[in-house]
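Shown next, in structure tokens, is the structure this report addresses.
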Amino acid sequence: MKKSFKQWIGVGTTAVMAATVLAGCGSTTNTTQPSTAPSAGAAATANAKPFAGKTISLVTANHPWADAIKPLLPDFEKETGIKVNVESFFEDQLTQKLTVQFTSGSATPDVFMYRPLQEGKLFYKNGWVQPLDDYAQKAKDYDFNDFSKSAIGSTTVESKLAGIPIITEQEILYYRKDLLQKAGIAVPKTLDELNAAVKKLHDPKNEMYGFVARGQRSPLVTQVSSFLYSEGADFTTSEKASINTPEAIKAFTTYGTLLKDYAPPGVLNMSWPQAFGIFAQGKVAFLTDANSLYQNATDPAKSKVADQVGFAVFPGGKAGSKPYSITSWGLAMNAKSGNKDATWAFIQWATSKDVVLKTQQKGNPGARASVWDKPEGTTGFPAELVPIIKESAKTGVDHDRPTVISVGEARDAVGEIVQKVMSGETNLQPVADKANQALQTIIDKDKTR
């Protein structure tokens, strides 16, 4: 029998609560997490609602996950007695709002959506987020180990859990089934096979191009990351910049050369909308990008080749197939929240197996393995894409950009290397050395903050 939310946070049928409601969440022993839970007697007189009369503020991005969670809030409010006030903003507005409020020491919002790999380190280093390790590890029936390792890696800063994953994504290979079948080409499993297939299908005289991906300096960084990892490299190694190693240079050269020699005109200025746009027009054989964007290729209203799009695990390099597998959006708690137990109750509910199932059925890829293993948990995605997502989550790397505070500067430094390849530069070592020094300067600056 499925437990109600009240039951699995420690409220039984006798309406007697544990001393801190969320049994063992750490608030009884950690003085930095004061309990705001009502007493057992108060709970009993409030119809066993553990937080009757409490109000928390939630700030979200204008995102499909927010659209999926809002209709479920009345259930949470009814079960717990917590009123949730919601505000939503566009991504850039969201970051700006949060930064302004946290800088001023505001206790609101209590809980908020954030991008772990873009703002996570900044928010954590500034003391704006409450570490959730004790809450998550000790929460009754939460099953924290059900979250994928890479997703948790994305939300971990300096070995502390800064947030809980709500949206994940991986880099995959998109391809045209009909073109490969006609040419007798197997789906590439390695980067060498991808290069060969791209070259064979490239026919610019007939407006057919072998490959497309992001070519803009900053946007390309997240997508070249999978090339980097699959060659055995990374942006940093033991907290030192490492984008000038032979393996890194090979990865940047592979990505840049594919775009230089086999992509449509104008690729230097393409981010994901332009890359998916031309793929959807039926003018490209292969595309590498995030699986979360698949509808831009498969929606008949957007794509002329919707019924011919195939999905594959990212092709392997020297180190095998190592796509990024990240948390693109998470939920975090304001370190200055005056309602930490009530806020955790919301986060625990919103990222529970039952609720993740409901939000994932709306097409929001979650981080819980058990939900992906349920047939009803995959109904929001194409059947062919599901095994690709599950496999990528197992082998993937938990970041898709340098994990620094000054993310924008770091992305510019890395992107410069690839753009030099695209512009025809053949002596890449000096370019990579210069970019590596720039990245190291950013890393060193982080340590003094």
Side-chain angles (χ1 to χ4, degrees), residues 115-121 145 147-159 161-174 189-191 194 213-214 218-252 254-255 272 288-293 311-330 365-369 372 387-404 407 410-411 413-415 417-418 436 439 443:
R115 297 171 295 182
L117 296 173
Q118 191 69 21
E119 301 112 7
K121 193 165 188 178
N145 291 330
F147 288 92
S148 78
K149 184 178 178 180
S150 59
I152 293 300
S154 296
T155 61
T156 300
V157 183
E158 297 181 357
S159 300
L161 185 64
I164 302 293
I166 51 174
I167 297 293
T168 64
E169 68 180 33
Q170 299 86 25
E171 184 167 3
I172 65 170
L173 178 68
Y174 294 82
K189 293 184 178 180
T190 68
L191 290 173
L194 175 63
R214 305 183 196 188
S218 179
L220 70 80
V221 173
T222 56
Q223 307 313 305
V224 79
S225 68
S226 298
F227 288 78
L228 198 66
Y229 309 145
S230 297
E231 292 294 356
D234 204 332
F235 298 107
T236 60
T237 304
S238 299
E239 297 187 10
K240 294 290 184 181
S242 56
I243 53 176
N244 63 343
T245 65
E247 293 83 4
I249 290 175
K250 182 179 180 182
F252 296 140
T254 297
Y255 187 88
W272 72 262
T288 55
D289 212 297
N291 59 347
S292 59
L293 298 170
F311 313 103
V313 172
F314 188 85
K318 179 182 176 181
S321 173
K322 291 190 176 297
Y324 66 71
S325 178
I326 64 163
T327 296
S328 53
W329 286 97
R368 285 191 173 275
W372 281 108
I388 306 304
I389 293 174
K390 293 172 68 174
E391 179 65 25
S392 300
K394 291 177 183 177
T395 63
V397 177
D398 64 13
H399 55 285
D400 63 355
R401 66 203 76 182
T403 51
V404 296
V407 178
R411 290 176 70 155
V414 176
I417 305 174
V418 179
N436 198 70
L439 180 56
I443 294 169

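For the single chain, residues carry numbers from 1 onward in sequence order. As a basis for the values below, the full set of heavy atoms in this structure was taken, side chains included, without hydrogen atoms, waters or symmetry mates.
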* To do: Please step through side chain to side chain contact (heavy atoms under 4.5 Å, CB included) for the pair I388 and N291, ending with a clear verdict.
  => CA-CA 9 Å; I388 306 304; N291 59 347; over 6 Å; no
* Asked: Hey, what do you get for CG (L439) to OG1 (T236), rounding to the nearest 0.5 Å?
  -> 7.5 Å
* Identify, with sequence neighbours excluded, every residue that meets side-chain contact (heavy atoms from CB on, under 4.5 Å) alongside P116. => Y114, T155, T327
* All ring pair (Phe, Tyr, Trp, His ring centres under 6.0 Å) counterparts of W372, not counting sequence neighbours -> F381
* To do: Would you please test I172 and T288 for side chain to side chain contact (heavy atoms under 4.5 Å, CB included) and show each step?
  => CA-CA 6 Å; I172 65 170; T288 55; over 6 Å; no
* Separation of W329 CH2 from S292 OG (nearest 0.5 Å) -> 12.0 Å
* In chain order, what residues pass the side-chain hydrogen bond (donor to acceptor under 3.5 Å, both in side chains) check against N436, with sequence neighbours excluded? -> none
* Gap separating the CD1 atom of I249 from the CD1 atom of I243, nearest 0.5 angstrom -> 9.5 Å
* To do: Would you mind reporting whether L191 and E231 have side-chain heavy atoms less than 4.5 Å apart?
  => yes
* Who are the side-chain hydrogen bond (donor to acceptor under 3.5 Å, both in side chains) partners of S242, not counting sequence neighbours? -> T237
* Carefully, step by step, assess T403 and F235 under the rule side chain to side chain contact (heavy atoms under 4.5 Å, CB included). => CA-CA 9 Å; T403 51; F235 298 107; over 6 Å; no
* Does a side-chain heavy-atom distance below 4.5 Å link I152 with P165? -> yes
* Asked: Hey, are the side chains of V221 and P402 touching, using non-hydrogen atoms and a 4.5 Å cut-off?
  -> yes
Tabulate below the donor-acceptor pairs under 3.5 Å that side-chain atoms of residues 314-325 make, not counting sequence neighbours, or state none.
| residue | atom | partner | partner atom | Å |
| --- | --- | --- | --- | --- |
| S321 | OG | F314 | O | 2.5 |
| Y324 | OH | Q223 | OE1 | 3.2 |
| Y324 | OH | Q223 | NE2 | 3.3 |
| S325 | OG | S150 | OG | 3.0 |
| S325 | OG | Q170 | NE2 | 3.3 |

* Asked: Can you name the nearest heavy-atom pair linking Y174 to D289, along with the distance?
  -> CE1-O, 3.8 Å
* What is the minimum heavy-atom distance between I443 and V404, and which atoms define it? -> CG1-CG1, 4.0 Å
* **Pairs where residues 161-173 contributes a residue and the test salt bridge (charged side-chain N to carboxylate O under 4.0 Å, His left out) is met, not counting sequence neighbours** => none
* Asked: Is there a side-chain contact between F311 and I389 (heavy atoms, below 4.5 Å)?
  -> no
* Kindly compute the distance separating OG (S154) from CG (L117), expressed to the nearest 0.5 Å. => 4.5 Å
* Asked: Under the side chain to side chain contact (heavy atoms under 4.5 Å, CB included) criterion, do Y255 and L220 qualify, and how do the steps go?
  -> CA-CA 10 Å; Y255 187 88; L220 70 80; 4.0 Å; yes
* **Pair listing, side-chain hydrogen bond (donor to acceptor under 3.5 Å, both in side chains) test, anchored in residues 387-398, at least two apart** => D373-K390
* Is S148 reaching over with its side chain to a backbone N or O of A151, donor-acceptor style, under 3.5 angstrom? -> yes
* Asked: Partners of T222 by side-chain contact (heavy atoms from CB on, under 4.5 Å), sequence neighbours excluded?
  -> R214, D400, R401, R411
* To do: Output all residues satisfying side-chain contact (heavy atoms from CB on, under 4.5 Å) with K121, sequence neighbours left out; order by chain, then residue number.
  => K125, V157, I405, D446
